[in-house]
*Asks:* 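Here it is, the structure in full.
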Number of protein chains: 4
Amino acid sequence: MAGNSFGQLFRITTAGESHGPGNVVIIDGVPPGIPLSEADFERDLSRRRPGQSKIVTQRNESDTPEILSGVFEGKTTGTSLAILIRNQDQRSRDYGDIAEKYRPGHADFGFDAKYGLRDYRGGGRSSARETSVRVAAGVVAKKIIADAFGGQVLSYVVQVGSIKANIPDPAAVTLDDIETLPNGEPNIVRCPDVVAAEKMIELINEMRLAGDSIGGAAEIVATGIPAGLGEPVFDKIKADLGKALFTLPAVLGVEYGIGFGCVTMRGSEHNDIFVPASDSAVDRNAAEFVESKRPGISTETNRHGGILGGITTGQPIVLRAAVKPTSSLPIEQRTVTSNAEPTTIQTKGRHDPCLLPRFIPMAEAMVAIVLADHWLRWKAQCR
Amino acid sequence: MAGNSFGQLFRITTAGESHGPGNVVIIDGVPPGIPLSEADFERDLSRRRPGQSKIVTQRNESDTPEILSGVFEGKTTGTSLAILIRNQDQRSRDYGDIAEKYRPGHADFGFDAKYGLRDYRGGGRSSARETSVRVAAGVVAKKIIADAFGGQVLSYVVQVGSIKANIPDPAAVTLDDIETLPNGEPNIVRCPDVVAAEKMIELINEMRLAGDSIGGAAEIVATGIPAGLGEPVFDKIKADLGKALFTLPAVLGVEYGIGFGCVTMRGSEHNDIFVPASDSAVDRNAAEFVESKRPGISTETNRHGGILGGITTGQPIVLRAAVKPTSSLPIEQRTVTSNAEPTTIQTKGRHDPCLLPRFIPMAEAMVAIVLADHWLRWKAQCR
Amino acid sequence: MAGNSFGQLFRITTAGESHGPGNVVIIDGVPPGIPLSEADFERDLSRRRPGQSKIVTQRNESDTPEILSGVFEGKTTGTSLAILIRNQDQRSRDYGDIAEKYRPGHADFGFDAKYGLRDYRGGGRSSARETSVRVAAGVVAKKIIADAFGGQVLSYVVQVGSIKANIPDPAAVTLDDIETLPNGEPNIVRCPDVVAAEKMIELINEMRLAGDSIGGAAEIVATGIPAGLGEPVFDKIKADLGKALFTLPAVLGVEYGIGFGCVTMRGSEHNDIFVPASDSAVDRNAAEFVESKRPGISTETNRHGGILGGITTGQPIVLRAAVKPTSSLPIEQRTVTSNAEPTTIQTKGRHDPCLLPRFIPMAEAMVAIVLADHWLRWKAQCR
Amino acid sequence: MAGNSFGQLFRITTAGESHGPGNVVIIDGVPPGIPLSEADFERDLSRRRPGQSKIVTQRNESDTPEILSGVFEGKTTGTSLAILIRNQDQRSRDYGDIAEKYRPGHADFGFDAKYGLRDYRGGGRSSARETSVRVAAGVVAKKIIADAFGGQVLSYVVQVGSIKANIPDPAAVTLDDIETLPNGEPNIVRCPDVVAAEKMIELINEMRLAGDSIGGAAEIVATGIPAGLGEPVFDKIKADLGKALFTLPAVLGVEYGIGFGCVTMRGSEHNDIFVPASDSAVDRNAAEFVESKRPGISTETNRHGGILGGITTGQPIVLRAAVKPTSSLPIEQRTVTSNAEPTTIQTKGRHDPCLLPRFIPMAEAMVAIVLADHWLRWKAQCR
């Protein structure tokens, strides 16, 4: 029931399945006059694309977007903006196995229980292909927040299996740190800690060879975000960001700021102290840009992750998501048929041995969409 | 912008501040014919009420609900149901301090940045008093899911500071385990592990005496939930539950099932194996009640927390929330005035040294509201 | 299902019945900093109130509003604003008749068919008492559009039975013309054509004495509205205004501009010609106030009623609503019982012999609410 | 701001412009298991298509739909259903005229005032081409209400200029009456009164030759609709239907039942008397199908148009819409440039001399969409 839309003022609605003709997104609420062309989508779509490196699925998709509406003479018109990405590599093969058996860890069983039938080809609507158009929508959202207040959203891998990255200052990480190694080669795992990155890649390769998969965690950082975004009760920005990340496949946990680390802390050691802005290295330009009525105030530390009471404080917004290991496995797993008869299943062919490298652009997109939405909401009510 | 509403078909809209006349909720979408009277709210409201024990705030509020509409001759009519809870103990006192200073860890600064002004009396809209009417709405939601399929939602404390409870089977915990000690006295910390409970109470008391506070974690379990609730993309039930918990004050993290534990796991050890229902102790009556088209299937384990691909599987839904230590502290903290001048602040008087005991009914309410909403959504589309 | 809310950014949610404790509205999206007190509601509430003159129902209600939240130190805070109006004159009497019989022209039968039960006391939720809190919300909306761009919404009676008013220029009508006769006495029928007004009152009185009722039509005019409000497709301002008026009880038709008169016209005589603004008497200050990018353009005539393609043109918005004769009649009418047995019914006591005089403030409120909503929407996307 | 979506549970979101790549609709909330293929759209799309007869625009579009998602093995899956209709006959020509000049009666000026720019090619988003995908969505809605309770929606022309049709019983009109003449030839004006139809066609032809256009009115009738659909306050079914029709281009008035005719009536002559169902010819099977709790009750007459208090009564729903004469005219009209300089404009080439023949399927689609939506809402709350 309208479960295919997300956002209130900057609102995306998606359709499409893994092995159907393609995926489409309609974006509503885009401000008019923003320069936009198909080329703008290239960078983020290629970061999400299958086949981009040896450690991701080898399905071959160019993910070429077609703007169907909402752009005229190179600028957004303010009317609904539709983007279509056609599927190309829907291998014709025998689906008998997944048609009749429930893949462990997948939504197959839930679809049947809910709808009484399902599009079993490649997971249908619950395929990660659906996220391609979300990433496209995220590109538009990123443009909006960059134009409005210099906001930027970046994400990177902080853990794969037991290998943890050391990221001293999330707000200092650059897109280049995430995407490129010091030697100029692509950072295919998207972890800015180069030493950890190497080990992560090794571990993922091991999984690939073993026909297994491995979990991990991503961190998302939004910088340049003015204080005052978010609503005090239900549409807290932490609630909307939390929902946004949980809409992504395989996310089992979300935390912001100190996160679960708060459980063992005392209030006196947890609270971030407010200080005059000059006492802090944190850039307050963003808030000043929107003529915040309370300039010049910062916090000494950022355990709160840029959000207090559901409203941004002007500090960097920091979130983390736990991503489970890929459920589809080439090795044999026990399961049942749709008639509840015990059997086994192997997911043949293409799969991601670790979801994290391709998760990064999806997470950025969803966070940017929430921020663009709340920016428009702030303008509506408070400007 | 409509940030005071939550839910799509079972939809609550709230208003009210800490020190204004009171709080009100309008509940839309309530099915007609459900028996309801003011007495039904007593249990859960008293579990949330200030002053209920020595380890919570001593503000004196009876939290007596008045049903303003939507009930006739003891039954819901199907039209909008409004419940008003008046404030009683708004102590007249000098607010000068919090009017001019930003309390660390609070939304004060964000309110000013967002709106340019704020109701500084007791935190205004960001006070926990706002949750009183959510708990009332939760009572209605609990009735709906109990009537429809025998669904039940319970929550309890699993950690305070470093003290962890041992809960062997979340689905086996009863309301009595949560609320009452074996000796018949009230379990004021709401942790069913009695040994841990005693230590938690001790720790919270220590904090109270020290003028400090302590964080903790709560677990929420929903049992008797049929398979097939939730939407595959944006309104995944994990996304809506995640948002629901993040709308509660002080929540910094949410995880379901194995949660952040998935990060270090391999797919082969993480996936829950589907089995014929007779292979499992899990009760499938709920799903059968709604004539699920795939009866007789269960999972061997429940690392997935009752949700796969955003849709319920018929297993118990298990979530956890990390709750930060209370920000208001009687001890002195550094901060700044609204003019960015350094100063100090002490929050005098009543505060919760640990938020967890009163968090429990709030968490139950929000989870029940999401489940009632998705139940109505399922009925609309799939029945 | 959320059928008790109206508006997208300026959003009202109502609850309450005719003979319950009272009616309440929660208004979401109110910009912060607007001066507001209970006194502001007095004028419009008294225009809607029963018992205000001899030609309306004599139910005795003071309609005193209580602001429950959202206002602090005399200003709106930006958080949800709740207003409660308690019922006072719920006469205790025997409802047996309407409990068991369906009043012709009423929603009674529909309620039973929909919900399987109904609050039969005075019509329950379908009573005109529900509109009291809409009128209160309209006061807030009127303040928003007046502050933002000098917008004003007025309504008046243009027809009762066959008596038609002559209103040469809708945009020139003042509140005083509507509310007060040249001799200083109240214009109890709210028709600015004094000659027609006198005849209308006479006719309504006749109906009252005959135990019958009479239909009529109201016109609503919004002036000072900038060009550019409204959305091009589904949320055309004409669509949202049309819905707004149809939400009011007893409205059977809505037209704007030339309305049904367009049916017999040719395009060449219907189109309003665009002219430089100086060619027109129409005030364009409003549009200039919001820095319209196309100043200085007007239309020679206003058959289009201020809206083209769903978007305002800066000309006065003009709508009309057809209001049916009151269905409740003191004279005997044939009907059936809830068991389909033929019977007769008389609605004893208090009724409006013509709905129009009290319809006026309701219509103004609903139109103002739509305009405030679209103003916020415009700010969000286009400012 | 989400102005491109319509409906709450059965929700459509559209994108596309007159001269862009095409138009797309995403339909959310479709029940699973409904047989659907591209062929199902053919009939209604061909009724809306340009070039279908000599009295409509000669733009050449095949309006071939492509189902992008939501259908698997010939049945709806319950997930979002996307339909794409590509534009074909976007004649390359000089738009200089409409790029710089405001066409009288069009949204051009409003677009510029709102967004500061516009897609001037053929009216962009305000083109009637946008309605092609609404008609496609209407086909799905018609299937839902036909399957659920045998509901049917038909529309036909009742007036063109001064020529009025005589339709003794709206509920007796068949699709064949609307589409085909007694001699088997197509009824190109879609008026079931054959004598009037002939005169209407003659008048429209006259207009075409004169380079002018003419207004008209359409009636829409929904039969087989159970009692009990619609919400009592804001989402009255008359309000949602009213909005639905006003979203269509060129509609200046909407009335239901007796409509504006109520203005001159007394209550005693207006009220429809409730009678046992056997006293009435009206078919009550529909209501019985959904196990209405109040079977066997009808009304003697249907001045109320099938809706009382916003809720359906089980009688046929009857509405009428006033449609203005086409604004685009081949003959010269005065106007201004975007710089407010007086000039003239001629809309060359293809235009509809009367909008009514193609309006019919659009009106049916919008009414069916509202009824499908309210059917799902009823199921969610009341079943």
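Quick note on labels: first sequence line is chain A, next is B, and so on, each numbered from 1.
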*Asks:* At a 4.5 Å cut-off on heavy atoms, which part of D:T326 comes close to chain C: side chain, backbone, both, or neither?
*Replies:*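 Contact with chain C is through the backbone of D:T326 alone.
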*Asks:* Which atom pair, heavy atoms only, marks the closest approach of C:P276 to D:A340?
*Replies:*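 It is CG-O, 3.3 Å.
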*Asks:* Go through the steps for C:S268 and D:I331 under the test side chain to side chain contact (heavy atoms under 4.5 Å, CB included), then give the verdict.
*Replies:* CA-CA 8 Å; C:S268 56; D:I331 53 176; 3.9 Å; yes
*Asks:* So which of D:G124, D:G310, D:G216, D:G123 has the biggest tally of heavy-atom pairs under 4.5 Å with chain C?
*Replies:*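 Winner by heavy-atom pair count: D:G216.
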*Asks:* What's the separation between atom CZ in D:F246 and atom CD1 in C:I307, rounded to the nearest 0.5 Å?
*Replies:*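 If I round to the nearest 0.5 Å, the distance is 9.0 Å.
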*Asks:* Mind checking the CG-NE2 spacing from C:L329 to D:H270? Nearest 0.5 Å is all I need.
*Replies:*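 Taking CG in C:L329 and NE2 in D:H270, the distance rounds to 11.0 Å.
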*Asks:* Has D:K243 got a side-chain atom pairing as donor or acceptor with C:D240's backbone, closer than 3.5 angstrom?
*Replies:*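 It does not hold such a pair.
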*Asks:* Please name all residues satisfying side chain to side chain contact (heavy atoms under 4.5 Å, CB included) with C:I311, sequence neighbours left out, ordered by chain then number.
*Replies:*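 If we apply the side chain to side chain contact (heavy atoms under 4.5 Å, CB included) test to C:I311, skipping adjacent residues, the hits are D:F111, D:K114.
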*Asks:* Any chance you could lay out the side chain to side chain contact (heavy atoms under 4.5 Å, CB included) test for C:V336 and D:I297, step after step, and finish with the verdict?
*Replies:* CA-CA 8 Å; C:V336 295; D:I297 292 173; 3.9 Å; yes
*Asks:* Mind checking the CD1-CG spacing from C:I258 to D:L252? Nearest 0.5 Å is all I need.
*Replies:*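 Interatomic distance, C:I258 CD1 to D:L252 CG, rounded to 0.5 Å: 8.5 Å.
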*Asks:* D:N271 pairs by side-chain contact (heavy atoms from CB on, under 4.5 Å) with which of C:Q333, C:R334, C:H106?
*Replies:*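 Single side-chain contact (heavy atoms from CB on, under 4.5 Å) partner of D:N271 among C:Q333, C:R334, C:H106: C:Q333.
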*Asks:* I would like to know whether D:E130 and C:F234 meet side chain to side chain contact (heavy atoms under 4.5 Å, CB included); could you show each step before the answer?
*Replies:* CA-CA 11 Å; D:E130 177 270 332; C:F234 295 114; 4.1 Å; yes
*Asks:* Between C:K238 and D:V251 (side chain of the first, backbone of the second, donor and acceptor by atom type, cut-off under 3.5 Å), is there such a pair?
*Replies:*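 Yes.
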*Asks:* According to side chain to side chain contact (heavy atoms under 4.5 Å, CB included), who are the partners of C:K379, at least two apart in sequence or on a separate chain?
*Replies:*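 C:K379 satisfies side chain to side chain contact (heavy atoms under 4.5 Å, CB included) with C:W375, C:L376, C:R383 only.
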*Asks:* Taking C:D212 for the side chain and D:R266 for the main chain, is one N or O donor matched with an acceptor at less than 3.5 Å?
*Replies:*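 Between the backbone of D:R266 and the side chain of C:D212 there is no qualifying donor-acceptor contact (under 3.5 Å).
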*Asks:* Out of curiosity, D:L308 CG to C:R103 CZ, how far, rounded to the nearest 0.5 Å?
*Replies:*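 The distance works out to 11.0 Å.
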